[in-house]
Amino acid sequence: MTTQQNLTGEQLRYLTLLAEKYPTVAAASSEIIRIEAQLRLPKGTEHFMSDLHGEHEAFVHILNSASGVIREKIDLLFSDTVPARERADLATLIYYPEEKLPELKAGQSDLTAWYSTTLLRLVELCRLVSSKHTRAHVRKCLPESCAHILDELLHAHFEDHDKQLYYDEIIQSIIRYDRADAYIVRLCQLIKRLAVDQLHIVGDLFDRGPRPDRILDQLMEYHNVDIQWGNHDVVWMGAAAGSHICILTVLKTTLSYNNLEMLETGYGISLRTLDQMAERVYGKSDVTLWRPHGGSCRQAALPPSSLQDRWEEIARMHKAVSILMFKVEAQVIARNPDFQMQGRDYLNQIDYENGTVLCRQAALPLRSLCGGKRYPLRDTDFPTVDPVCPGALTDEEVEVLDDLVRSFRQSEKLQRHVRFLYARGTVYSCFNGNLLYHGAVPMTEAGDFAAETFEGRSYQGKALFDYCDRRARQGYFAPEGSPERQAGQDFLWYLWCGALSPIFGRSAMTTFERLYIADKSTHAEVKNPYYTHINGPHAEETAEKILAEFGLTDESSHIFNGHVPVRAIEGESPVKGGGKLVVIDGGFCRAYHSKTGIAGYTLIYSSRGLTLRTHQPFESTEKAIRDDEDIESQSERIYTARQRVLVRDTDEGKKEEARIADLERLVWAYQNGLLHEAG
């Protein structure tokens, strides 16, 4: 116990402030007792998802079902007493209460009896998922309009015959006064709220899938979420900040996947001036190479002429944006020698007279400027490029780019989403003894942390992650027009595609090569040696080295990683690093299903250990509601805790233990006359 002799003036000032909240020994002691009891509860459930890539319907279903946790609780309670069909109905009702409720009501011959049964089942299930929480916490989660009644039901003792009539009357009154629907919806929401304490999104919300904006809408309403940025996220963050190169990059990806609904309907971003320029400049060009992925008219049976015209329109815009992007890339590379991307300014590497381009072979060192080879171009039509100064924009391109910047900056929804990503997001996170990051910890072939030099200083390991996080924020929050803001926006683009970006983890983004060079050997994006080391003979040693770099040395610590889809179809395991690292990118996006053979992984970390969920494709929300069709999933326990993990073992528990120490000092200060109790 602290003595008067070693109680500093600063500590005494802090205790004086603490005394305002706990003005007596009794108040401080009661709080200590409350915290001590709470620390002995089981830790809450954590839910991990990664690489969502705009697949909002599958995301919402997995979020609502807590990756199968809720269905498991239903089966645990009711498998012996409730038929499978009714359990499926109950699960779907919890996932989509407002949509499923009318359908279920329409099929009842005795609606009052069904209401009573359903309310009681939901109360029982809610009591189960609330068992890890204090009554005070559950009360905070209750909707204000019906908090008292729900609190009574959740803490009812139905075996108490003296109160049986009381509880029966509550249920019957809810039904009699036409409040059953509202209470069912509230209970379903409460079950989902209590089933998962913390949601972790390990990167890449944007691109490829149809509606990342709807995913972000859901996340902004979620009770407790953190995000580790992926490279597809940071480039959108840069676009929202007004970065020319980031705006063109996200437009190129959006057009290549024919995802204009998200851009125009989701974020209200107009492409009118771009469309007009593309029509004027490329209206008579062959734009076959620029047709969207999966959207080629050649794949459709007898496509209507209007569809053909639409594909051509998108392809023209795709080419116009790509040329603009390559021009601005050359400018960014020129003003950022730290990026060491010289040689990737491809418009400067083209021999326009002979239709060839100088390209470094993928097998050479990542940043070698020697040993390049000339390849014929698949498309030699460059009407807006001046061979003498390839990076110069035409007046019309400047006008288009200025219009796009205004549109991105003025999109209220996009700005709201990106501010949320900055508020809840980081490059990495250490949470409850585990390390979360999207891409890779850049390493050398020898297994050391790779060093990168920026602004005259060298960074590696955790220091590189911290530096990247700071520079990413600078690109959005530095003063308008300042050199710092420009440099930060360029750095957001570097995080998207730089060779030692911990969010990217590959040698290069070979967009130009895949478009313009037929030789596929130039298309390779060589993975950082990190990926070899986490799969090699010293994989566990590598994982432990990374964990130690971030200050995590407990034997229960793990790394959760996304970014590179696990090819389960080829027998690849998501569990790497000798069991210490789990890659949870299993191809959530439909575009990856054929490559991975599955439709994504999620991870559940409960008080008993880690469970990996392997998901099959999700057809649609409509079918899930109509047919009670859940996502088919398999569960695998990949780590079992030696003893049940309690709140005291978590980060929050350690903070609460520090609060106990402070309160004990406060009690001592009262007892020894340093502070006086109030009243």
Side-chain angles (χ1 to χ4, degrees), residues 52-57 59-60 63 199 201 203-255 257-276 317 321 324-325 328 398-426 472-482 484-486 488-493 495-496:
L52 305 176
H53 284 300
E55 293 291 348
H56 67 282
E57 288 198 346
F59 163 76
V60 169
L63 187 70
L199 175 65
I201 305 295
D204 277 357
L205 296 141
F206 284 95
D207 294 331
R208 298 195 180 98
R211 296 302 296 268
D213 58 303
R214 291 182 176 173
I215 293 177
L216 277 154
D217 283 340
Q218 289 280 329
L219 291 178
M220 289 183 72
E221 294 178 0
Y222 201 77
H223 57 273
N224 210 0
V225 60
D226 60 73
I227 299 165
Q228 293 71 53
W229 303 322
N231 62 319
H232 287 267
D233 303 320
V234 292
V235 75
W236 273 91
M237 289 153 60
S243 162
H244 292 183
I245 186 59
C246 291
I247 286 172
L248 294 168
T249 300
V250 302
L251 282 178
K252 195 236 173 282
T253 304
T254 301
L255 288 161
Y257 281 89
N258 186 24
N259 200 8
L260 297 188
E261 180 189 1
M262 175 272 296
L263 201 69
E264 297 174 332
T265 304
Y267 287 126
I269 293 171
S270 171
L271 301 182
R272 183 177 59 85
T273 56
L274 171 65
D275 191 14
Q276 291 172 344
M317 286 194 289
V321 160
L324 256 173
M325 184 183 78
V328 177
V398 171
E399 181 183 346
V400 167
L401 191 51
D402 287 346
D403 185 68
L404 289 171
V405 170
R406 278 193 299 272
S407 196
F408 272 79
R409 293 298 306 279
Q410 292 173 5
S411 171
E412 292 183 9
K413 187 175 182 180
L414 177 60
Q415 296 300 326
R416 188 166 64 250
H417 284 172
V418 167
R419 286 194 296 270
F420 174 76
L421 285 174
Y422 274 110
R424 296 295 184 92
T426 52
R473 297 178 192 280
Q474 179 182 310
Y476 192 85
F477 294 106
E480 292 276 359
S482 66
E484 292 79 11
R485 186 180 178 91
Q486 176 69 76
Q489 290 178 7
D490 288 354
F491 198 84
L492 283 162
W493 177 75
L495 289 174
W496 153 256

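- Between the side chain of Q218 and the main chain of V60, no donor-acceptor pair closer than 3.5 Å is present.
- Remark: side-chain polar atoms of N231 are not paired, donor with acceptor, to backbone N or O of D204 under 3.5 angstrom.
- Listed for the Q415 side chain is no donor-acceptor partner under 3.5 Å among the backbone atoms of Q410.
- Rounding to the nearest 0.5 Å places CG of L401 at 6.5 Å from CD1 of I247.
- Between R424 and M220, the closest side-chain pair of non-hydrogen atoms is not below 4.5 Å.
- Annotation: W229 is not in aromatic contact with F206 [ring centroid separation under 6.0 Å not met].
- Look at D403 and R406 and you find a salt bridge, because one of the NZ, NE, NH1 or NH2 atoms lies within 4.0 Å of a carboxylate O, short of that distance.
- Separation of atoms CZ (R473) and CG (L492) is listed at 10.5 Å; rounding is to 0.5 Å.
- S411 places no side-chain N or O within 3.5 Å of a backbone atom of I269 that could act as its donor or acceptor partner.
- Using cut-offs of 30° and 60° for the angle between ring planes, the W236 and Y267 rings count as tilted.
- With D213 as the fixed residue, the side-chain hydrogen bond (donor to acceptor under 3.5 Å, both in side chains) test singles out one of K413, H56, R416: K413.
- The closest donor-acceptor contact from the side chain of R208 to the backbone of G54 lies at 3.5 Å or more, if one exists at all.
- By the 4.5 Å heavy-atom criterion applied to side chains, D490 and H244 are not counted as neighbours.
- When the salt bridge (Lys or Arg N to Asp or Glu O under 4.0 Å) test is applied to E480, the partners found at least two apart in sequence or on another chain are R409, R485.
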**Request:** Check the pair D402 / T273 against side chain to side chain contact (heavy atoms under 4.5 Å, CB included), numbers first and verdict last.
**Result:** CA-CA 10 Å; D402 287 346; T273 56; over 6 Å; no
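- Remark: L404 CG to L271 CG distance equals 6.5 Å, nearest 0.5 Å.
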**Message:** Go through it in stages, so that I can follow the logic: the residues are V321 and L274, the test is side chain to side chain contact (heavy atoms under 4.5 Å, CB included), and I'd like the CA-CA distance, side-chain angles, deciding distance and then a yes or no.
**Reply:** CA-CA 8 Å; V321 160; L274 171 65; 3.4 Å; yes
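- In this structure, D217 and F420 have side chains that are not in contact, with every pair of non-hydrogen atoms separated by 4.5 Å or more.
- Distance check, rounded to the nearest 0.5 Å: CG of L421 to CD1 of I227 gives 5.0 Å.
- Atom CD of E399 has 12 or fewer neighbouring heavy atoms from other residues, nucleotides or ligands inside a 6.0 Å radius.
- Contact of the Q486 side chain with the S243 side chain is not registered, since no non-hydrogen atoms from C-beta on lie closer than 4.5 Å.
- When all heavy atoms of A241 and Q489 are compared, the pair lying nearest together is O-NE2, 3.1 Å.
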**Request:** Apply side chain to side chain contact (heavy atoms under 4.5 Å, CB included) to the pair M317 and L260, showing each step before the final yes or no.
**Result:** CA-CA 11 Å; M317 286 194 289; L260 297 188; 4.2 Å; yes
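- Looking only at distances, no side-chain donor or acceptor of E221 sits under 3.5 Å from a matching main-chain atom of L216.
- One finds the CZ atom of F59 at 14.0 Å from the NE2 atom of H53 (value rounded to the nearest 0.5 Å).
- With contacts defined as side-chain heavy-atom distances shorter than 4.5 Å, the pair L219/L199 qualifies.
- Between the side chain of T253 and the backbone N or O of T249 there is at least one donor-acceptor pair closer than 3.5 Å.
- The shortest non-hydrogen separation linking G268 to S407 is O-OG, 4.1 Å.
- Atom CZ of R211 is separated from atom CG of N259 by 8.5 Å, given to the nearest 0.5 angstrom.
- With hydrogens and angles disregarded, a donor-acceptor distance shorter than 3.5 Å links the side chain of Y422 to the backbone of A472.
- Residues Q228 and D233 come closest through the heavy atom pair O-OD2, 4.4 Å.
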**Item:** side chain to side chain contact (heavy atoms under 4.5 Å, CB included) between F408 and L414, intermediate numbers included
**Value:** CA-CA 7 Å; F408 272 79; L414 177 60; 3.6 Å; yes
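- Using a 4.5 Å heavy-atom threshold, the side chains of W496 and V250 count as separate.
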